[in-house]
Amino acid sequence: MRKIVSGIVLIASIVLFAQDSFNLHSISSHPSGLENTFPSGVRSVWGGTDLDQDGREEIWATDYNGGGQIHAFEWYYGDTLVHVWSSDTTGANYRDATRIYNSTTRHVQTGDLDGDGLGEVIFFSGKYLNVDSLAGLYVYEWDGVTDNGYGLEPAWFRPLHKAYNQPLGPMVVEHFLVNDVDGDGHQEIIYGNNGSTNPSYPDSAMVDTTGGKHAFSEDRFVIASVSGDIGNAITPPVLVEEYVAAPRDADKDGVRENGLGGGSALGVAIGDTDGDGKKEIACFAWNNLNVFFIEATGENEYTVNIPPDSVKIKAVDGVTDSTIANPDKGSNYKHLSPTDDWTLAPTVADMDGDGKDEIYVAGFDNIAFVIGDLDGDALTISEGETVAIDSSTTFGASASNNAFGEPALFFGGSGGKADLIKFDLTGSNVLDPSSWTKTVYGTSDSTVLGFVPKIFAGSNIDNDKFGEVILGYQSVPDSVEIKAADGTTDSTIANPKKWFVRVAEWTGASSELAVKDLVLITPEDYKLSQNYPNPFNPTTTIEYSLPIASKISISIFNVMGQEVASIIQNQDKPAGTYQVTWNGMDKSGNQVASGTYFYSMRFGNFTKTKQMTFMK
């Protein structure tokens, strides 16, 4: 893997929202000249975690750069955040002459898949076709000691093209969750694999080498777990497929019958929708926003409802009189949208507090839906159990039952706008559209472009009493056009609002807009000055500045990349400006040869390096 170089540059700014009950803080943006740092922006964010157990919450953001990577921001104090860690770029970048797909990293989760008490950063990076050896599951694990010590390279990588008995060709994961869905004490990864429609896909090696099973559609929802220890060469981890459901081929016999509604696997939501104490997985596919449910019935045991094609009608004498088409055929799934539609991220909440979770989702047709159970059977979707509550909402959803004082439901944007949408249950019936009140928290002017694909609701990064929503921005332009009076473009300037991640803080009922500036500590705030004199003999001075108390190292390297001297080794330093001197001696006390050398300052997993010349 390539060593990481900081993938984003961040600056602090105050941002205003037009409504009164949210404070918004900009976390990242691009200064002029660094517009390509985030080529496509942030697809997804995650939060509400303290993975390294230091008492400070983190925010995690995806990045399309270099095939995909993850960035971490951590609360420091008050309203201050620090960019503390970035994963390596995956390099998963398959392209060919006929099909150009650029899926890369689209979602991020945290968890403890191997149950060893060490938190993990978990994400997929995928391309179509099984020739991309870098497409698969990436896991970074906290080392258990170091602050933000998640490593420079993944503790575990599993190429999904050959993870199971049936090798897969196409592999793209838009959305996934980490959850102990079956209650066995071990977390599972629940993801949708957007693969090929049929097992005859030309780039697929759809052969089961052990079980003699039929090959079936690679569009499938997978529940997998980890056995073994991540990062341990003695007991290495193994990815175990606990269950799989294919919406195009429900009985997995290799014949496409769309028994679970059909479509490409996309998003999942997990909850107890019928209140029986067992969790269900709502699976959403790209076919008229198709949804069906998987229920966890026991340890590593799951079930779906596949009604028979026909039913037998018995005569009064008990013998079969006739056979008719099953009137309940298709009640195990629901096409929510009247047209072909899909979603980025569904969510779950118990908005009415009745002990049964509801599922909330919006598709690209701009319709927001709620799915609630009425008959006590989570695996059937009966008439009246789904309803559209809005016709101008799209993109990903997130909810929290308690972070905002009462259950709260949010959607990230509508119609390609950089908005945050909140739904309040002001009536008593979640399945009655008139029971919902919608509020759009939009930007204060029309110059903010891009959209908010996925959000996270329920963080509290500054440890105050107010819950927060984290927003990830995508497709924000590098520059904006200034129009003249006649409507023509008068000039073009760097976009002053090139946001990629923001935090909206809920302040409760308020008649005043109270905006707080969020101070950002970034890699750019760590300063490493040019040594002086340069060239030098016999000594030179290196000056550096730290914005906050940090653990740092400063080392000298030759042109071959070999460390020749260590000036500061992993020392804790208070904030301030410092000077150190190098006398041109190597680790053994010998004077180095004349030539070019590099001095590097490392803080966390970031490094700043400059060049100098020693001349005898």
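Nothing here was measured: the structure is a model prediction, and the numbers come from that model. We're numbering straight along the sequence, starting at 1.
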Is [Y] close to [X] at the side-chain level, that is, under 4.5 Å between some pair of heavy atoms?
| X | Y | answer |
| --- | --- | --- |
| Val268 | Ile281 | yes |
| Val121 | Leu51 | yes |
| Leu239 | Pro237 | no |
| Ile359 | Phe284 | yes |
| Arg56 | Asp147 | no |
| Asp377 | Asp274 | no |
| Arg106 | Thr62 | no |
| Ile189 | Gln109 | no |

Any chance you could measure [X], atom [atom1], to [Y], atom [atom2], to the nearest 0.5 Å?
| X | Y | atom1 | atom2 | result |
| --- | --- | --- | --- | --- |
| Phe603 | Asn148 | CZ | CG | 12.5 Å |
| Thr347 | Leu177 | OG1 | CG | 8.5 Å |
| Asp341 | Phe364 | CG | CZ | 8.5 Å |
| Leu81 | Ile521 | CG | CD1 | 9.5 Å |
| Glu141 | Trp156 | CD | CH2 | 11.0 Å |

Might you work through the side-chain contact (heavy atoms from CB on, under 4.5 Å) test for Phe369 and Val291, ending with a clear yes or no? CA-CA 11 Å; Phe369 297 91; Val291 59; over 6 Å; no
Verdict with supporting geometry, Trp46 and Trp60, ring-ring contact (aromatic ring centres under 6.0 Å, His included): CA-CA 5 Å; Trp46 190 250; Trp60 309 90; over 10 Å; no
Locate the shortest heavy-atom distance separating [X] from [Y]; write the atom from each residue and the value.
| X | Y | value |
| --- | --- | --- |
| Tyr138 | Gly136 | CD1-O, 3.6 Å |
| Ile294 | Cys283 | CD1-SG, 3.7 Å |
| Leu336 | Ile371 | CD1-CD1, 4.2 Å |
| Trp436 | Asn429 | NE1-O, 4.4 Å |
| Asp114 | Asp229 | OD2-OD1, 3.0 Å |
| Gly262 | Ala285 | O-CB, 3.5 Å |

Would a distance-only check, ignoring hydrogens and angles, find a side-chain to backbone donor-acceptor pair under 3.5 Å from [X] to [Y]?
| X | Y | value |
| --- | --- | --- |
| Glu295 | Ala378 | no |
| Gln69 | Ser86 | no |
| Ser217 | Asp219 | yes |
| Asp52 | Gly149 | no |
| Asn401 | Val348 | no |
| Glu120 | Val139 | no |
| Asp180 | Gly185 | yes |
| Gln474 | Pro453 | no |
| Ser87 | Ile70 | yes |
| Asp182 | Asn300 | yes |

Using 30° and 60° as the class boundaries, would you call the ring planes of His107 and His175 parallel, tilted or perpendicular?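 If you compare the ring of His107 with that of His175, the planes turn out tilted.
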Do the ring planes of Tyr140 and Phe123 sit parallel (below 30°), tilted (30 to 60°) or perpendicular (above 60°)?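 Geometry flag for Phe123 against Tyr140: parallel rings.
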Is the distance between the ring centroids of Tyr333 and His335 under 6.0 Å?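 Yes, the ring of His335 comes within the 6.0 Å limit of the ring of Tyr333, centre to centre.
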Kindly state whether the ring of Tyr360 and the ring of Phe423 have centres lying under 6.0 angstrom apart.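 No, they do not, as the ring centres are separated by 6.0 Å or more.
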Residues in side-chain hydrogen bond (donor to acceptor under 3.5 Å, both in side chains) with Ser382, at least two apart?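 Listed in chain order: Asp375.
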May I have the step-by-step check of ring-ring contact (aromatic ring centres under 6.0 Å, His included) for Phe404 and Phe410, ending in yes or no? CA-CA 11 Å; Phe404 304 94; Phe410 302 90; 5.1 Å; yes
Among Thr146, Asp572, Asn570, which one satisfies side-chain hydrogen bond (donor to acceptor under 3.5 Å, both in side chains) with Lys551?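 For Lys551, the side-chain hydrogen bond (donor to acceptor under 3.5 Å, both in side chains) test succeeds with only one of Thr146, Asp572, Asn570, which is Asp572.
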Which residues satisfy the ring-ring contact (aromatic ring centres under 6.0 Å, His included) test with Phe293, sequence neighbours excluded?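 In terms of ring-ring contact (aromatic ring centres under 6.0 Å, His included), with neighbours along the sequence ignored, Phe293 is linked to no residue.
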Does this structure show an ion pair linking Glu174 with Lys454, if we count only N-O contacts that are shorter than 4.0 Å?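 Yes, this pair counts.
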Salt-bridge contact Lys279-Asp272 (side-chain N to carboxylate O under 4.0 Å):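 Asp272 and Lys279: not salt-bridged.
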Which one of Asn305, Thr273, Val304 satisfies the side chain to side chain contact (heavy atoms under 4.5 Å, CB included) criterion with Leu379?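 Exactly one pass, corresponding to Asn305.
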Apply side-chain contact (heavy atoms from CB on, under 4.5 Å) to residues Val430 and Leu425 and explain how you reach the verdict. CA-CA 7 Å; Val430 295; Leu425 183 64; 3.7 Å; yes
